[in-house]
There are 2 protein chains.
Amino acid sequence: MRTQQLLLAAMERALKAENLPPLGWYDVMLELSRAESGRLRPFEIEERTLMAQHNLSRLLDRMEKAELVERAVHAEDARGRWVILTAKGRAMQAAMWRVYAAALQRHVGEKIDDEQASQLSDLMSRLTRGL
Amino acid sequence: MRTQQLLLAAMERALKAENLPPLGWYDVMLELSRAESGRLRPFEIEERTLMAQHNLSRLLDRMEKAELVERAVHAEDARGRWVILTAKGRAMQAAMWRVYAAALQRHVGEKIDDEQASQLSDLMSRLTRGL
DNA sequence: ATCAAATAGATGCACTTGCATCTAATTGGG
DNA sequence: CCCAATTAGATGCAAGTGCATCTATTTGAT
């Protein structure tokens with residue numbers, strides 16, 4: 001818990017120092033850019049990021065205001081919406097990744113080697129089993 | 001990050017299901033009970049729990065209102081305060097521990113063995129180095 | 001075909017957190 | 001000894017989160 005808290009804080013600090021938005025924004029943009037069509041429905045982002053529905057809804061409000069994503073109506077399911085990454089969003093994602101990747105390298109990559117990383121990954125998946 | 005998020009959420013859920021306060025309250029009470037004199041100054045709790053100063057200040061407000069801690073003036077340093085665990089606080093700490101320990105057992109103890117736990121602990125301290 | 005139940009997403013309200021700043025007290029350099 | 005710098009802690013305000021609820025739409029059992 002402590003290690004995670006410290007590492008996460010270090011990442012957020014790195015981003016903030018460059019006047020970039022918090023990691024949560026990156027997570028959303030990453031998922032959108034990973035999607036074949038470059039767009040996802042809110043509930044799909046929800047599943048992938050573990051964000052709560054109402055929090056995502058509001059994060060999307062902010063991201064939309066910042067013009068990083070757009071919301072569009074969904075033809076097949078009129079309850080739903082598409083969330084679409086804009087060009088500005090892609091640029092922001094890239095800008096964040098530069099900083100984020102460097103911080104990951106410094107705080108993780110340089111501290112454990114590949115074998116330790118896979119040990120860690122194994123332990124984490126054990127702990128996650130059933131959650 | 002994900003594993004931590006899921007585990008923490010599981011712990012908080014367990015507490016909430018028993019109408020107990022969040023883990024942060026437990027952390028404060030644990031540190032207080034660990035202190036020889038049964039009391040600490042806010043900044044000491046701050047160091048031990050990694051909580052931000054203003055957040056702790058407000059958490060103490062809430063805990064004081066719930067009569068789990070008391071604040072008293074500090075004789076040697078008039079800027080400071082003592083935070084003292086009340087009897088009610090000790091009882092609450094014990095009540096939370098029952099639930100917390102059970103959740104830890106279920107979500108951690110049953111999922112990894114002692115060797116894996118010490119591997120994990122080793123990895124975490126590597127990652128924390130310098131933070 | 002119909003209507004209750006389920007699903008997608010938004011929103012009002014209370015609570016928590018972050019940030020900056022404030023007051024009061026202490027410390028340390030000259 | 002004095003005053004600037006530092007430290008302890010509190011607090012006003014803005015932003016984010018949790019919770020419950022709401023609307024709109026879709027689904028599925030009859």
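Predicted, not measured: the structure shown is a model, and the values here were computed from it. Here is how names work: the chains are called A, B, and so on, in the same order as the sequence lines, proteins then strands, and each is numbered from 1. Below, all heavy atoms of this structure are taken into account, side chains as well, without hydrogens, waters or symmetry copies.
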A:Leu6 and A:Val108: same hydrophobic cluster, using ILVMFWY side-chain contacts below 4.5 Å? yes
Determine which pairs satisfy side chain to side chain donor-acceptor pair (under 3.5 Å) with at least one residue from residues 46-58 of chain A, sequence neighbours left out, and list them in order. none
Can you list everything that forms a salt bridge (Lys or Arg N to Asp or Glu O under 4.0 Å) with A:Arg90? Sequence neighbours excluded, please. none
Set out, in order, the CA-CA distance, both residues' side-chain angles and the distance that settles side chain to side chain contact (heavy atoms under 4.5 Å, CB included) for A:Val28 and A:Ile45, then state yes or no. CA-CA 7 Å; A:Val28 169; A:Ile45 301 175; 4.1 Å; yes
Contacts of A:Trp25 that satisfy side-chain hydrogen bond (donor to acceptor under 3.5 Å, both in side chains) - sequence neighbours left out: none
Residues pairing under side chain to side chain donor-acceptor pair (under 3.5 Å) where one sits in residues 99-117 of chain B, two or more places apart or in two chains, turn out to be none
Under the side-chain hydrogen bond (donor to acceptor under 3.5 Å, both in side chains) rule, collect the residues that match up with B:Ser125, sequence neighbours excluded. none
For A:Glu31, enumerate each residue passing the side-chain hydrogen bond (donor to acceptor under 3.5 Å, both in side chains) test, keeping only those at least two apart in sequence or located in another chain. A:Arg34
Could you run down the sub-3.5 Å N/O contacts of the protein with nucleotides 13-18 of chain C?
{"residue": "C:dC13", "atom": "N4", "partner": "A:Arg58", "partner atom": "NH2", "Å": "3.3"}
{"residue": "C:dG18", "atom": "OP2", "partner": "B:Asn55", "partner atom": "ND2", "Å": "2.2"}
{"residue": "C:dG18", "atom": "N7", "partner": "B:His54", "partner atom": "NE2", "Å": "3.4"}
{"residue": "C:dG18", "atom": "O6", "partner": "B:Arg58", "partner atom": "NH1", "Å": "3.0"}

When you measure from every atom of DNA chain D, which of residues 65-83 of chain B have a heavy atom less than 4.0 Å away? B:Arg71, B:Arg79, B:Gly80, B:Arg81
Would you jot down, in residue-number order, the residues of residues 29-45 of chain A having a non-hydrogen atom under 4.0 Å from DNA chain C? A:Arg41, A:Pro42, A:Phe43
Please determine if A:Asp61 and A:Lys65 form a salt bridge, counting it only when a charged side-chain N lies under 4.0 Å from a carboxylate O. no
In whole angstrom, what separates A:Glu46's CD from C:dT7's P? 13 Å
Restricting to pairs with a member in residues 71-90 of chain A, which pass ring pair (Phe, Tyr, Trp, His ring centres under 6.0 Å), not counting sequence neighbours? A:His74-A:Trp82
Could you list where the contact with chain A starts and ends along DNA chain D, reading 5' to 3', using a 4.0 Å heavy-atom cut-off? D:dG16 to D:dT26
Any donor-acceptor N/O pair, A:Thr3 side chain to B:Thr128 backbone, under 3.5 Å: no
Non-neighbouring partners of B:Glu64 that pass side-chain hydrogen bond (donor to acceptor under 3.5 Å, both in side chains), sequence neighbours left out: B:Arg71
